[in-house]
Each structure stands twice: as structure tokens, then as C-alpha cells.
K.L.:
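Okay, here's the structure, questions in a sec.
Chain letters run A, B, ... following the sequence lines, proteins first and then strands; every chain starts at 1. As the structure is a computational prediction, the values presented were derived from the model and not from experiment.
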Amino acid sequence: MSTKFIIYDIIHAMENLEIAEIFETIADMLEIKGENVFKIRSYRNAAASIEGLPVTLKSIVEKNPKELLDIPGIGKGIGEKIEELVTKGKCTYFNELKKETPAGLLDMLGISGLGPKKVALIYKEAGIDSVAKLEKAVDDKKLSKLPGFAAKSEEKLIKAIADYKKLKATAGRFRLSMAKGVVEDIKDYLSELKEVKNIDHAGSLRRWKETIGDLDILVSCKSMNDSEKVMDYFVNYNGVKDISLKGDTKTTVVLKNNMQVDLRVVEEKSFGAAMQYFTGSKEHNVVFREMAKKKGLKVNEYGVFDSKDNQIAGKTEEEVYKAVGVKWMTPELRENRGELNGKNAKLPSLIEMAHIKGDLHMHTTASDGANTIMEMAESAMKLGYEYIAITDHSKAVGVAHGLDEKRLLKHIKDIDAVNEELKKKKFRILKGAEVDILSDGSLDYDKKTLEKLDIVVAAVHSNFNMKEEDMTERITKALSTGLVNILAHPTGRLINQREPYAVHMEKVMDCAAKYNVAMEVNSYPERLDLKDTHCMMAQDRGLKISIASDSHSKAGLPNIEYGIHVARRGWVTKDSVLNALSVDELFKWLT
DNA sequence: GCCGTTTTCGGCCCGACTGTTTTCAGTCG
């Protein structure tokens with residue numbers, strides 16, 4: 001092996017998410033150091049910008065490093081650091097900072113109530129540089145000697161350290177579907193109070209982010225005199241474990257499942273402004289408020305105010321946007337990806353539930369589903385669909401009672417029979433299968449059997465032992481047979497367990513484009529792994545996107561809602577969605 | 001460190017809650 005190859009192997013090509021994380025860490029270290037706050041913000045902006053990027057930084061650097069400067073939030077300094085990270089696999093500035101900042105200090109920042117100033121103080125005055133040492137110091141009552149740390153601070157720290165450890169075990173974020181269930185329950189509970197006029201949830205859940213950090217709920221009352229009553233009632237919700245803080249307008253609790261919930265109470269004339277404010281994203285709001293400022297206006301959670309501090313908008317979100325000269329936009333778009341003032345300020349017309357004509361991934365009792373072919377079809381008709389595809393597991397997934405050739409052939413006949421029955425209702429069931437790409441390098445069935453199917457969904461099932469390069473290779477091999485119509489969960493990973501590698505996704509998408517394979521946005525609550533950025537990557541390549549429920553019961557069909565919203569976050573339009581096609585158009589695409 | 005329809009310097013979003021203060025800094029979202 002030549003030296004060149006050895007070096008390439010050692011230097012692991014830096015991925016977008018890793019680079020974003022390095023900039024976040026740099027920002028944390030600069031905060032502890034007490035650096036200029038705007039410099040710190042620049043690093044955080046750059047990190048956020050990189051996270052939402054639909055292309056790899058590696059591909060930009062390879063093409064032309066100067067194009068890095070076109071990315072919002074990235075200038076000369078950070079651009080150079082990205083180039084160094086991509087080509088050399090390291091960042092000198094980052095390494096220098098690391099030398100002067102003990103790693104444990106960064107962990108300590110994760111403890112609620114401890115910010116950079118206090119961490120720096122504890123480190124300087126008491127030499128504490130890890131969560132473990134901090135825990136011991138609190139136990140030994142050593143912290144109370146420090147300025148600003150009285151008895152109450154220590155008491156709070158003990159709790160905060162315990163919470164930190166628990167939250168770390170759950171990686172700090174929760175699945176969208178779980179968060180949705182919890183928030184609806186709390187909203188039901190709060191609406192029983194007659195003082196509550198309006199109630200809705202905001203935050204990343206309203207933006208339908210794939211994972212949720214905490215819940216934000218907003219309530220409006222006729223008079224702020226009622227707010228205390230609302231807060232008292234809220235903290236008595238039976239899921240509440242701890243009350244973190246409680247005031248007239250803002251209360252924060254931690255639920256028994258360690259989820260944090262913020263409740264805000266505002267007057268009715270401010271409800272829209274508060275919804276806008278707390279829906280975010282933070283980056284979207286910063287740009288929005290800057291735009292307002294340029295027009296001599298001020299935006300906060302109570303409304304839009306003119307130079308004389310008169311409120312000119314605030315009751316509804318629409319009027320808040322309008323007052324600043326922006327058309328209201330759906331929360332999924334509010335990520336500062338150019339939706340406010342970018343070159344493409346013309347917003348896309350996004351896919352909607354009403355556009356969906358069918359669902360191309362579901363299971364029946366033949367493998368691990370709970371309902372029959374007919375039951376699934378009837379439920380789909382109730383949703384107004386024209387067609388579905390039955391795609392039971394192949395024999396590769398033994399635990400799911402996957403079908404071998406013989407059982408698949410019988411399954412096909414069964415589907416034919418149901419199709420015959422539903423003919424007069426003009427409903428069509430496509431004969432399909434979900435094959436597993438990683439199993440043995442084949443597509444689980446021979447070519448003759450696969451050609452009897454209308455549609456083949458190829459899935460990459462979780463395999464934590466397989467190297468990313470090997471996964472890419474197997475996917476490429478499978479797609480190049482020309483027998484696959486849809487590629488499902490190409491990362492093979494479940495959310496929160498491991499992030500997919502951007503380079504892997506880029507190669508897979510290029511391959512899918514070459515063989516005209518659609519990418520699936522999977523709505524199964526445990527998955528949702530084709531993320532917003534992946535949808536953008538797919539659309540950039542002209543790929544069709546299949547938004548599927550992957551339901552294992554008739555009750556699971558409406559879960560497609562989650563996939564639709566994730567696709568909307570990725571600016572997916574109706575034209576890109578495979579299952580927005582009519583049944584005739586779909587068959588035309590398949591052949 | 002980034003940015004520009006007040007442009008190459010001088011800005012950079014806004015407010016609630018807490019604890020320990022004696023009027024506010026730190027943290028958080």
C-alpha cells in the first residue's frame with residue numbers, strides 16, 4: 001500500500017454533522033473562556049447552518065473551497081477551518097482550545113443552571129473540572145464558600161446533576177410521535193380550565209422536527225389575573241415530577257419521563273406574537289426580528305411595536321408576519337434556510353395530506369402485521385386513497401415471519417382476489433414486497449419472482465456491525481439490478497441511535513438517481529430517518545419521494561402524517577411525491 | 001467571526017425567572 005492510501009485511511013473524512021459539532025464545541029469553549037459574545041454566536045450560527053445543509057462540505061471543498069463563503073454564516077475564518085477539517089481531518093484552532101479547556105467543563109455546561117460563567121468560576125476557584133468532581137464537592141458542601149453559591153444553589157445543583165445523568169441516558173431528545181402524544185394529553189388537561197381561552201403548542205414540535213428536545217405550550221387568558229390559577233393547575237398535572245421554575249407568565253416542569261415542558265400564559269392580544277416567538281426556530285426569529293428592526297419596529301413575544309411602543313400586531317401570527325412585511329408561512333419552513341430573505345424567498349408550494357393518493361409500504365398478517373389485506377384496503381379507502389401497496393417482509397427478516405417464495409406467490413394470489421372484489425370501487429392494491437438489502441447481497445427472491453410484483457421496496461435494516469462503506473456498496477449493488485422501485489430507510493439506523501453519514505447518503509442518492517429509484521420517507525414512529533435534509537438532497541437530484549406509513553396495522557395508516565410533515569420540512573412539493581400520482585401515472589412510472 | 005438597500009467599520013434579538021444582590025448578573029429559551 002502506498003503512503004498516500006495509508007494517510008487517507010487514517011484521516012477520516014469529516015462529515016457535516018461532525019464539523020457542526022466541532023463549531024458548537026468551539027463556541028462552548030469560547031464561552032467558558034469569556035470571549036466576545038458575538039464571536040461565539042458566529043460559531044453557533046455556522047454550526048446551525050451546516051446542520052441544515054443538503055450537500056456535504058467535503059463535496060464543496062473538492063469542487064471549489066471558495067463556494068464555502070456562499071453558505072450563510074460562513075466567512076473567511078470559519079471557511080478556512082472547514083477546509084482544514086475536510087482536507088486534513090483536524091482543526092488547529094480547535095486543538096489549541098482543547099488543550100486549555102478540560103473536557104469535563106463542557107459536560108458541566110449540560111447541567112441545568114450552570115452556564116459558562118459559573119463553570120469557569122467553579123473551575124478557577126475550586127479546581128473542579130468534571131461532573132463527578134462537582135458531585136463530590138456538592139456532597140461535601142464545599143461549593144458554598146464560593147461567591148454566588150449559597151445553600152439554595154447547592155440544593156438545586158444536587159437535583160440538576162441527577163437530571164443531567166438521566167437525560168444523558170436518553171440522549172436528551174424524544175421522538176416526534178411520543179412528544180405529540182404527550183402534548184395532546186396536556187392540552188386536553190389544560191383546556192378543562194375555564195380561564196383558558198386559547199391553547200396550542202409551539203416549539204420544534206410545531207415545526208414537526210424529527211426529534212424534540214422539550215415541549216412548549218402557550219395559553220391565553222382574558223386577563224393576566226387568571227395566570228396564577230392556570231399555573232397552579234398546570235403543575236398539578238399528573239405527569240409532573242418536578243417544578244423547575246414557576247412564575248406569573250412562565251412555568252417549567254419536568255415530567256416523569258424526563259421530558260421538560262414550558263408553559264407560557266399571555267393575554268389574548270399577544271397570543272399570535274407568542275406563538276410566532278416560541279415556535280422559532282431561534283435562527284428564524286433572529287433574522288425576523290432583525291428585519292423588523294430595520295423597519296423601525298420591535299418584535300417580542302407580546303407583539304409588534306412601532307417606534308413609540310404602540311402595539312401594531314400580536315393577536316394572530318398572520319398579522320405579526322404581515323406587520324413586518326412577510327407573508328405567513330407554515331412552521332415547517334421556519335429554519336432560516338432562506339425562507340425570509342434568501343435568494344429563493346419565493347416559498348415552495350408544499351405537499352399536503354390532500355395530495356396523497358396512496359400508501360406504498362405496509363404489512364399484513366402474512367408477515368408481522370395485525371390486519372388482513374382487505375382490512376388494510378378498507379381503511380385506506382376511508383382515508384380517500386385510490387391505491388395501496390402491500391409490502392410484507394421477505395424471508396430475510398425471520399423474526400417478522402417473512403415470506404419465502406412459496407408463501408409470496410400465494411400472497412400475490414390473495415391480493416389478486418381482493419383486487420377483484422374491489423374492482424367496482426375503483427380501488428387498486430399493488431403487489432409488493434419489502435426486501436432486505438443487507439441480508440446476503442441478493443434481493444431475497446429470484447428475478448422471476450420479483451418480476452411478478454408491481455412494486456419492490458428495498459429496505460436497509462439496522463446493522464450496527466456493518467461498516468458504512470460496505471452498506472453503501474451493497475445498496476449500490478442492489479439498486480443497479482434495476483429491480484428496486486423504492487429505497488427505504490437507507491441509513492439502516494433508528495433515530496437517536498446513530499446519525500447517518502452524509503457521504504454515505506450522497507453516494508446512495510446519486511445511485512438512486514442513476515437507476516431512477518424513489519426514496520422513501522418512512523413514517524413509522526420508530527424511524528422517521530429520511531430527514532428534511534435528505535428530502536432536499538433527493539429533490540436536488542430530481543428523485544421521486546415516497547411518503548409511506550410502513551404501518552403494521554390499519555390503525556397505523558394515518559401515521560403518514562409524520563412523514564408528510566418531515567417532507568414539508570425538506571421543502572418537498574407535490575410534483576416530487578410518488579404517491580401523489582394517480583394510479584395510472586404510478587403504473588406508468590413503475591414500468 | 002460575520003455582515004452590508006444606513007457597507008469595509010461598527011453593529012450584532014429579546015425578555016422571564018432565580019438567587020443573591022442592595023440594583024443585577026447569570027441562565028435559559
Side-chain angles (χ1 to χ4, degrees), chain A residues 23 26-28 30-32 34-49 68-82 93 108-122 143-144 146-157 159-160 202-204 212-218 224 227 231 243-253 260-266 270 273-274 276-305 309 324-325 336 340-341:
Chain A
F23 290 147
I26 288 177
D28 285 344
L30 292 177
E31 276 201 302
I32 293 172
E35 260 280 8
N36 178 308
V37 288
F38 300 109
K39 184 172 169 181
I40 293 161
R41 205 172 84 180
S42 296
Y43 278 100
R44 296 211 192 278
N45 283 343
S49 188
L68 288 172
L69 301 177
D70 295 339
I71 304 169
I74 291 173
K76 192 164 165 281
I78 293 181
E80 278 167 5
K81 290 177 181 85
I82 292 173
Y93 180 60
M108 284 160 65
L109 279 180
I111 297 169
S112 167
L114 279 193
K117 296 273 159 49
K118 282 187 181 167
V119 166
L121 180 87
I122 294 170
L143 277 188
S144 45
L146 297 179
F149 284 88
K152 199 134 191 191
S153 297
E154 280 196 324
E155 204 177 287
K156 279 202 135 181
L157 257 182
K159 219 174 193 176
S204 54
I212 308 298
D214 56 16
L215 302 180
D216 299 282
I217 299 176
L218 292 175
M224 285 309 283
S227 79
M231 294 308 190
I243 302 166
S244 308
L245 55 92
K246 187 162 171 278
D248 284 344
T249 67
K250 180 183 175 180
T251 291
T252 299
V253 301
Q260 183 179 306
V261 188
D262 293 338
L263 177 68
R264 292 272 184 157
V265 177
V266 293
S270 297
Q276 195 286 323
Y277 193 96
F278 291 107
T279 296
S281 65
K282 200 173 85 201
E283 291 78 12
H284 172 93
N285 281 354
V286 167
V287 174
F288 183 63
R289 295 197 285 270
E290 273 168 2
M291 287 171 77
K293 205 175 173 185
K294 275 179 195 155
K295 296 192 168 170
L297 303 169
K298 186 179 73 173
V299 178
N300 58 28
E301 60 262 58
Y302 303 110
V304 183
F305 298 86
D309 232 21
V324 183
N336 191 27
L340 280 171
N341 59 356

K.L.:
Could you tell me whether Val299(A) contacts a base, only the sugar-phosphate backbone, or nothing, with contacts defined as non-hydrogen atoms closer than 4.0 Å?
P.N.:
sugar-phosphate
K.L.:
Is a salt bridge present between Glu31(A) and Arg44(A), judged by a nitrogen-to-oxygen distance below 4.0 Å?
P.N.:
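Judged by the 4.0 Å cut-off on N to carboxylate O distance, Glu31(A) and Arg44(A) do form a salt bridge.
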K.L.:
Hey, does Leu114(A) reach any base, or is it just sugar-phosphate, or nothing, if we go heavy atoms under 4.0 Å?
P.N.:
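Sugar-phosphate, no base atom in range.
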K.L.:
Which part of the nucleic acid, if any, lies within contact of Arg41(A), taking any heavy atom under 4.0 Å across all strands shown: a base, the sugar-phosphate backbone alone, or nothing?
P.N.:
base
K.L.:
On a whole-Å scale, what distance lies between the C1' atoms belonging to dC13(B) and dT21(B)?
P.N.:
27 Å
K.L.:
Which whole number of Å gives the distance between the C1' atom of dC12(B) and that of dA16(B)?
P.N.:
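These two C1' atoms come out 22 Å apart once rounded.
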K.L.:
Nearest-nucleotide wise, let me know which of Gly77(A) and Val119(A) is further upstream toward the 5' end of DNA chain B.
P.N.:
Gly77(A)
K.L.:
For Lys81(A), answer base if it contacts any base atom (sugar-phosphate contacts may also be present), sugar-phosphate if it contacts only those atoms, and nothing otherwise; contact means non-hydrogen atoms under 4.0 Å.
P.N.:
sugar-phosphate
K.L.:
Indicate, with a heavy-atom threshold strictly under 4.0 Å, whether Leu30(A) touches base, sugar-phosphate, or nothing.
P.N.:
nothing
K.L.:
Given the P atoms of dC17(B) and dT23(B), what is the spacing between them in whole Å?
P.N.:
23 Å
K.L.:
In terms of the nearest nucleotide of DNA chain B, which residue is placed more toward the 5' end: Phe149(A) or Asn285(A)?
P.N.:
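Its nearest nucleotide being more 5', the pick is Asn285(A).
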K.L.:
Do Lys76(A) and Glu80(A) sit within salt-bridge range, that is, some charged N less than 4.0 Å from a carboxylate O?
P.N.:
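Yes, charged N to carboxylate O under 4.0 Å.
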K.L.:
Taking the P atom of each, how far is dC2(B) from dT6(B), in whole Å?
P.N.:
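My reading of the P atoms in dC2(B) and dT6(B) gives 23 Å.
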K.L.:
NA contact type, Tyr302(A), heavy-atom cut-off 4.0 Å: base, sugar-phosphate, or nothing?
P.N.:
sugar-phosphate
K.L.:
How far, in whole Å, is dG1(B) from dT5(B) if one measures between their P atoms?
P.N.:
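Roughly 23 Å separates the two P atoms.
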K.L.:
How far, in whole Å, is dG15(B) from dG10(B) if one measures between their P atoms?
P.N.:
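Rounded to whole Å, the distance is 26 Å.
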K.L.:
Could you tell me whether the side chain of Ser227(A) and the main chain of Asp248(A) form a donor-acceptor pair under 3.5 Å?
P.N.:
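A pair under 3.5 Å: yes.
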K.L.:
Take a 6.0 Å sphere around NZ of Lys246(A) and say whether it holds more than 12 heavy atoms from other residues, nucleotides or ligands.
P.N.:
yes
K.L.:
Would you mind classifying the nucleic acid contact of Lys282(A) as base, sugar-phosphate or nothing, using non-hydrogen atoms under 4.0 angstrom?
P.N.:
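The residue Lys282(A) makes no contact with any strand.
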K.L.:
Take atom P in dT20(B) and the same atom in dG26(B), then report the distance between them in whole Å.
P.N.:
14 Å
K.L.:
Is Glu283(A) touching bases, backbone alone, or none of the nucleic acid, heavy atoms closer than 4.0 Å?
P.N.:
nothing
K.L.:
Quick check: does any side chain N or O of Lys295(A) sit under 3.5 Å from a backbone N or O of Val324(A), one acting as donor and the other as acceptor?
P.N.:
yes
K.L.:
With a 3.5 angstrom cut-off on both distances, give the Watson-Crick or G-U wobble partner of dT27(B), or none if there isn't one.
P.N.:
dA16(B)
K.L.:
Quick one: classify the glycosidic conformation of dT5(B) as syn or anti, with syn meaning within 90° of 0.
P.N.:
anti
K.L.:
Does the side chain of Ile111(A) reach to within under 4.5 Å of the side chain of Leu157(A), using non-hydrogen atoms?
P.N.:
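Contact flag for Ile111(A)/Leu157(A) side chains = yes.
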K.L.:
Could you tell me which residues satisfy ring pair (Phe, Tyr, Trp, His ring centres under 6.0 Å) with Tyr277(A), sequence neighbours excluded, listed by chain and number?
P.N.:
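By the ring pair (Phe, Tyr, Trp, His ring centres under 6.0 Å) rule, Tyr277(A) matches no residue at all.
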K.L.:
Using the heavy-atom set of chain A and a strict 4.0 Å cut-off, write down the first and last nucleotide of DNA chain B that makes it in, 5' to 3'.
P.N.:
dG1(B) to dG29(B)
K.L.:
Hey, does Met231(A) have a side-chain heavy atom less than 4.5 Å from the side chain of Leu263(A)?
P.N.:
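Yes, their side chains come closer than 4.5 Å.
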K.L.:
Taking dT18(B) as the reference, what is the distance to dG11(B) when you measure between their P atoms (whole Å, please)?
P.N.:
35 Å
K.L.:
Report which part of the nucleic acid Phe288(A) touches: base, sugar-phosphate, or nothing (heavy-atom distance under 4.0 Å, all strands).
P.N.:
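Nothing, no heavy atom under 4.0 Å.
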K.L.:
With a 4.0 Å cut-off on heavy atoms, is Thr252(A) in touch with a base, just the backbone sugar-phosphate, or nothing at all?
P.N.:
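The residue Thr252(A) makes no contact with any strand.
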